[in-house]
Amino acid sequence: MAGGFFNRLYYGNDKKPDLTKEQVSGSRFKLFFDVLGVRFWKLIQLNLLYLLFCIPIITIGPATAGMTLVLRNWARDDHAWVWSDFWDGMKSNFWQALAVFGIDVLAAIILWVNIQFYNAMGQTNQIFFMVKYLVLGIALIFAMMHIYIYPMMVTYKLRLRDMFKNAFIFTAAKLPHTIGIFALCVGLFIASIYLYVLPLFIITFSLCGLIVNSFTNAVFDKYINVHLDDSGHYVPIEDEKTDEEPVADEKSLEKSGVRA
């Protein structure tokens, strides 16, 4: 009896499926709201689990990878257990996610130092204010790249530099869409903090993650997955012209494999 209880705690109850085929529509937009409605309480559970694992600040990156794995599956109508898949996502992507978080901390420190410097120098030379806004623009692009970094991390076997490279290409190629998704998520956080529309500690992180992964699933299907065979290896499309933007060179994609 105790064993069955802990199995359900870890894996969930397989007698209660989250989403049936009858509840799923063909539209990605409609699918998002189907998932949101059916898995609303699990989104709350996932959000609280994520916050719990973020308490030791150094684990924020791995915890984000764990949450992203669960949300990626839900967003494409694949099954995922809240606890076990979250934990598996943390373990399998721990070092890459930790490296990304370390780069983020370093970038934040560099940004703060630069802004302080340009503010001080701008008192005597206005050109430093222009440089400051240029740096802020670069920082904004870097922040928006994270829309793609973690979903790529949990989906493909890519080197860290390839993830950042592809994330930059996606951000530039899909700039209006990326800005829209980024602005929507920032708006939800602002509403959670100042307007109390959504309690930040209950669902905001997982809701934003679901929005991001619903978007990136569609982008990856169009620009990456069409070039991969069932084993996750790059397959060149011969004698076919396309206006799609490349997301990585052939050598990089040959080294990437789709994770289940």
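Worth saying up front: this structure is predicted, and the values here are computed from it rather than measured.
With Arg72 as the partner, the side-chain hydrogen bond (donor to acceptor under 3.5 Å, both in side chains) test is satisfied by one option alone out of Thr216, Asp78, Thr155: Thr155. No option in Leu198, Ile193, Leu200, Ile203 other than Leu198 meets the side-chain contact (heavy atoms from CB on, under 4.5 Å) test with Leu188.
A side-chain donor-acceptor contact under 3.5 Å links Ser192 and Thr204. Side chain to side chain, Asn217 and Asn213 fail the donor-acceptor criterion of an N or O pair below 3.5 Å. Between the side chains of Asn114 and Lys132, no donor-acceptor pair of N or O atoms lies under 3.5 Å.
Considering every non-hydrogen atom in both Pro151 and Phe220, the closest pair reads CB-CE1, 3.7 Å. What you find for Phe86 and Val70 is that their closest heavy atoms are N-CG2, 3.5 Å. The two residues Asn93 and Gly89 have their closest heavy-atom pair at ND2-O, 2.9 Å. Of all the heavy atoms in Asp221 and Val226, the pair that sits closest is O-CG1, 3.2 Å. Across all their heavy atoms, Ala65 and Met153 have their closest contact at CB-SD, 4.1 Å. The shortest heavy-atom contact between Ile202 and Leu48 is CA-CD2, 4.4 Å.
Ring geometry, Phe164 versus His146: the interplanar angle exceeds 60°, so the pair is classed perpendicular (tilted spans 30 to 60°). A parallel orientation is assigned to the rings of Phe170 and Tyr148, their planes being inclined by less than 30° (bins at 30° and 60°).
Under the 4.5 Å side-chain criterion, counting only non-hydrogen atoms from C-beta, Lys42 is in contact with Trp74. Val113 has its side chain out of reach of Gln116: every pair of non-hydrogen atoms, C-beta onward, lies at least 4.5 Å apart. In this structure, Tyr133 and Tyr118 have side chains that are not in contact, with every pair of non-hydrogen atoms separated by 4.5 Å or more. In this structure the side chain of Leu36 reaches within 4.5 angstrom of the side chain of Leu207, judged on heavy atoms. Looking at heavy atoms from C-beta onward, Asp88 lies out of side-chain contact with Trp83 at the 4.5 angstrom threshold. When side chains are defined from C-beta on, Ile115 does not count as touching Trp112, because their heavy atoms never get closer than 4.5 Å. You'll find the side chain of Met144 reaches within 4.5 Å of the side chain of Leu175, heavy atoms only. Inter-residue side-chain proximity for Leu184 and Ile211 is flagged as met; some heavy-atom pair is nearer than 4.5 Å.
Crowding of Leu195 atom CG: a count of heavy atoms from other residues, nucleotides or ligands under 6.0 Å exceeding 12. Other residues, nucleotides and ligands contribute over 12 non-hydrogen atoms within 6.0 Å of the CG atom of Leu106. Counted within 6.0 Å of CD1 on Ile58, heavy atoms from surrounding residues, nucleotides or ligands total 12 or fewer; the atom is thus considered open.
Note: Leu46 CG to Thr68 OG1 = 9.0 Å, rounded to the nearest 0.5 Å. The line from OH of Tyr150 to CE of Met163 is 9.0 Å long, rounded to the nearest 0.5 Å. Taking CG of Asn225 as the start and CZ of Arg76 as the end, the distance is 8.0 Å to the nearest 0.5 Å. Annotation: the span from Asp104 atom CG to Leu111 atom CG amounts to 12.0 Å, rounded to 0.5 Å. Interatomic distance, CG of Asp34 versus CZ of Arg39, reported as 10.5 Å (0.5 Å rounding). Interatomic distance, His79 NE2 to Asp85 CG, rounded to the nearest 0.5 Å: 7.0 Å.
For residues 171-211, the pairs satisfying ring pair (Phe, Tyr, Trp, His ring centres under 6.0 Å) are Tyr50-Phe205, Phe189-Phe205, with sequence neighbours left out.
Leu98 and Ile149 fall into different hydrophobic clusters, where Ile, Leu, Val, Met, Phe, Trp and Tyr are joined by side-chain heavy atoms under 4.5 Å apart, directly or via other members. Both Val212 and Phe32 are part of a single hydrophobic cluster, where members link through side-chain heavy atoms under 4.5 Å apart. Cluster membership for Leu140 and Ile147, using ILVMFWY side-chain heavy atoms within less than 4.5 angstrom, is shared. Criterion: ILVMFWY side-chain heavy atoms under 4.5 Å apart, direct or through other members. Under it, Val100 and Ile109 are part of a common hydrophobic cluster. Residues Trp41 and Leu52 are members of separate hydrophobic clusters, defined by side-chain heavy-atom contacts under 4.5 angstrom among Ile, Leu, Val, Met, Phe, Trp and Tyr.
At distances below 3.5 Å, at least one donor-acceptor pair connects side-chain atoms of Thr59 with backbone N or O atoms of Phe53. In this structure, the side chain of Gln45 does not engage the main chain of Phe40 through any donor-acceptor pair within 3.5 Å.
When ring centroids are compared, Phe142 and Phe168 stay outside the 6.0 Å threshold.
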Quick one, Ser214 with Leu210, criterion side chain to side chain contact (heavy atoms under 4.5 Å, CB included). Give me CA distance, side-chain angles, the key distance, then yes/no. CA-CA 6 Å; Ser214 297; Leu210 182 62; 4.2 Å; yes
Audit row: Ile44, Ser206, side chain to side chain contact (heavy atoms under 4.5 Å, CB included) steps and yes/no: CA-CA 7 Å; Ile44 293 177; Ser206 59; over 6 Å; no
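Using a cutoff of 4.0 Å between basic side-chain nitrogens and carboxylate oxygens, Arg159 and Asp162 are scored as salt-bridged.
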